[in-house]
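In what follows, a single structure is set out as structure tokens and then discussed.
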There are 2 protein chains.
Amino acid sequence: MSRTTIHDIAKELNTSPSTVSKALNDHPSISAATKKLIKETAQNLNYRQNRLASSLRSGRTNIIGILIPSSDIGFFGAVVHGIEKVARANGYNILLFQSNETGEYEVEGVETLLQTSVDGIIASIAKDTPNLDHFYYVKKRKVPLVLFDRTKDELGAPSVVVDDYKGAFMATEHLIQQGYTQIAHISGPQHIKIFNDRLCGYVDALKMNNMEVDEDLIQYGRNSIESGRFSAERLLSRNKGMDAIFAVEDFTALGALQYFKQEGIKMPGEIGMIGFGNESFSPYVTPSLSTIDQQPARMGEEAFTLFLEAMAKKAAGTEETELVTEPKKIILDPVLIVRESSVMTVMA
Amino acid sequence: MSRTTIHDIAKELNTSPSTVSKALNDHPSISAATKKLIKETAQNLNYRQNRLASSLRSGRTNIIGILIPSSDIGFFGAVVHGIEKVARANGYNILLFQSNETGEYEVEGVETLLQTSVDGIIASIAKDTPNLDHFYYVKKRKVPLVLFDRTKDELGAPSVVVDDYKGAFMATEHLIQQGYTQIAHISGPQHIKIFNDRLCGYVDALKMNNMEVDEDLIQYGRNSIESGRFSAERLLSRNKGMDAIFAVEDFTALGALQYFKQEGIKMPGEIGMIGFGNESFSPYVTPSLSTIDQQPARMGEEAFTLFLEAMAKKAAGTEETELVTEPKKIILDPVLIVRESSVMTVMA
DNA sequence: TTGAAAGCGCTAACAG
DNA sequence: CTGTTAGCGCTTTCAA
């Protein structure tokens, strides 16, 4: 009454378990006839492979571990979706672990994934990870590691990120092309790389278009709705004739939007606005928010592809212990999403 | 140079693998002294358990399979987050599978989860599942199955859902309490149970408050922004003095909101509005949308608890093959979220 | 092309 | 309290 095993099938057909195993795995050394016979019998006996046993023996699980801060964050939910899609198509499944932005959980997660003998790990690093020892350990154990979005170059792992600099440049240039001339920027904490990158993109876009960079038009907030409101108020009070804002995140842009609306300022018209991140709410606010999309699903797909490459390299037995080649880094192009908040003229 | 096993530890200490295994698992029959010694040695030798081997032998993986339409949908991302949190606290990990609303993938998912010997499955059924054979098979294999949100009573599995009727009742009653007197409802396709439940909640709330139910004030849409706009237009054209709308979903409410805004109708004031679902955009639209929250995280937690109970029951060896007791069904209370769109007076 | 034998790393009876 | 033995179900040499 227990599950049928390859032994049962072998017994039924007066053959051996090893032959059954090979037949079921389409091993070339088995004749087409026996394969057919065995597969049919397997079906009849309602056989299902025990993946644990198979994995224990073969050393491969066809499971990859995913470590993200939280599936509750839209961005990560979308990335996971992207990974799972491609993974499935390649015969892999996904073991999910969430760090909740906690270093402690992250360490635990890596540990668990490793114990489960996942074939590889795709991770986005938690904000407050104290150190990277657990990730170094993954590398030491020769388990392919791929990072996305929240990456660390020091780890020497292949990674996929979006080009923040370019996204910011695109956003700013879009405002310029719309005809805005006094473009402000609400930035975030500069010690976080992506915020600094976006600031640079903004500055360079202005310079490239022969526009002046006015420090008074740059605010350093803490990326929240509140901070967006506050920064908008400050910018307005400067009275510099500001006519557009590029905000470092959609939430920041939203705060500014709310403030201007409260003050009865027309958008677009008096002030144009663009955000960053394409949050789920941004199409639905009034005016709908122009923004930069980070292509989360695409990011997940690319991350999985990098994992496959790492596997292939491992299988090929690249023995040189520590390859000197730089790990591959995929930099995705961000996508400009134009909505109402940034257009000068009424949209067609 | 390969991974250390319990054999290595045993050899190191001149003891046996079984003793090491027991010590590491805190088996009561091992003295505190040897436990300490063995654990220290394990640490020194950098030992990590091979969960595959352990699972193969013990028959337990401490992994539960989760089957959802897509982690890209905010609601499911939140549920998964809820499950993972409690699961982790109880020593379980999560194998995630997405059906993408496809029956085919759903079948494949169940198959894979079963092959991986997950200890249980928590699932939300895909929209277009042609039949439920795969879920019946799970039951036949005696693998604990818990359903949430998209459930099927016929399966006889414990489940957790939100009380749609009650949520609709609460939403409608809230509008009544605000002082609205001509309350319309935009519903969805009636063959889908939750939409019909919500309609009933609306109707009953009116009746209980001695208000007339006017069929002209009920629209049957297809739950989309477009359909919300369209229904709003129709309702307005009826000219029945409608002063509030309860919409079956936030997206529908949003569509109506957009239409009224376009028509220059004040909200709240001329028309009050409440939705259902607490979508991520609803706090941020103008006016911010009152709605009914479905408690996704809570739902995940309860689902996992049901799984634990099922495990306990299985362990206790409830032998009566087919227990006649009804499977437990947890019905969560929805939560009323009051925002700007529904209040009569300006909020304090 | 098939089969016999060994063993992946661990746990669980049972005996001592 | 500790050790011996057996085996979970599968894959994989190697020999036939």
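The shown structure was predicted, so the numbers you read here are calculated from the model rather than taken from an experiment.
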Inset, instruction - Look at the side chain of T34(B) and decide which nucleotide, out of dC10(D), dG9(C), dT2(D), has an atom nearest to it. - result: dT2(D)
Legend entry - Rounded distance (Å) that lies between atom P of dT1(C) and atom CG of L37(A): 16 Å
Legend entry - Rounded distance in Å - CG (D26(A)) to C1' (dT1(C)): 15 Å
Inset, instruction - In whole angstrom, give the distance that lies between atom NZ of K36(A) and atom P of dT1(C). - result: 17 Å
Inset, instruction - Ignoring hydrogens and angles, state whether a donor on the side chain of D119(B) or T61(B) is under 3.5 Å from an acceptor on the partner side chain. - result: yes
Inset, instruction - Ignoring backbone atoms, test whether S58(A) places a side-chain nitrogen or oxygen under 4.0 Å from the OP1 or OP2 oxygen of dT11(D). - result: no
Inset, instruction - Could you check which of dT1(C), dG9(C), dT4(D) has an atom nearest any side-chain atom of S31(A)? - result: dT1(C)
Inset, instruction - Fit a plane to each ring of F148(A) and F75(A), take the angle between them on a 0 to 90° scale, and name the class: parallel (under 30°), tilted (30 to 60°) or perpendicular (over 60°). - result: tilted
Legend entry - Check: T5(B) side chain, H7(B) main-chain N or O, donor-acceptor pair, under 3.5 Å: yes
Inset, instruction - Select from H27(B) and L56(B) the residue whose nearest nucleotide in DNA chain D is closer to the 5' end of that strand. - result: H27(B)
Legend entry - Nearest-nucleotide 5' precedence on DNA chain C, Y47(B) against K22(B): Y47(B)
Inset, instruction - Look at N25(B) and dT11(C) and indicate whether a side-chain polar atom (N or O) is within less than 4.0 Å of OP1 or OP2. - result: yes
Inset, instruction - Check if the side chain of S18(B) and the base of dT4(D) share a donor-acceptor pair of N or O atoms closer than 3.5 Å. - result: yes
Inset, instruction - Considering just the side-chain nitrogens and oxygens of S21(A), establish if one lies under 4.0 Å of OP1 or OP2 belonging to dG9(D). - result: no
Legend entry - Rounded distance in Å - CD (Q49(B)) to P (dC8(C)): 17 Å
Inset, instruction - Mind checking T15(B) for me? I need base, sugar-phosphate or nothing, with any heavy atom below 4.0 Å counting as a touch. - result: sugar-phosphate
Inset, instruction - Establish, with yes or no, whether the OP1 or OP2 oxygen of dC8(C) is under 4.0 angstrom from a side-chain nitrogen or oxygen of T5(B). - result: no
Inset, instruction - Examine distances only and state if a side-chain atom of E302(B) and a backbone atom of V160(B) form a donor-acceptor pair shorter than 3.5 Å. - result: no
Inset, instruction - Using a cut-off of strictly less than 4.0 Å, decide whether T19(A) has a side-chain nitrogen or oxygen near OP1 or OP2 of dG3(C). - result: yes
Legend entry - Atom pair distance, as rounded to whole Å: CZ in R57(B) and P in dC10(D): 15 Å
Inset, instruction - Indicate whether OP1 or OP2 belonging to dT2(C) is found under 4.0 Å from a side-chain N or O atom of S29(A). - result: no
Legend entry - Between dT2(C) (P) and L13(A) (CG): distance, integer Å: 12 Å
Inset, instruction - Look up atom CG in L52(A) and atom CZ in R60(B), then write down how far apart they are to the nearest 0.5 Å. - result: 13.0 Å
Inset, instruction - Report which part of the nucleic acid S54(B) touches: base, sugar-phosphate, or nothing (heavy-atom distance under 4.0 Å, all strands). - result: sugar-phosphate
Inset, instruction - Rounded off to whole Å, could you give me the CD1-to-P distance for the I6(A) and dG3(C) pair? - result: 13 Å
Legend entry - Check: E12(A)/T41(A) side-chain N/O donor and acceptor closer than 3.5 Å: no
Legend entry - Value in whole Å for how far the C1' atom of dT2(D) lies from CG of L24(B): 15 Å
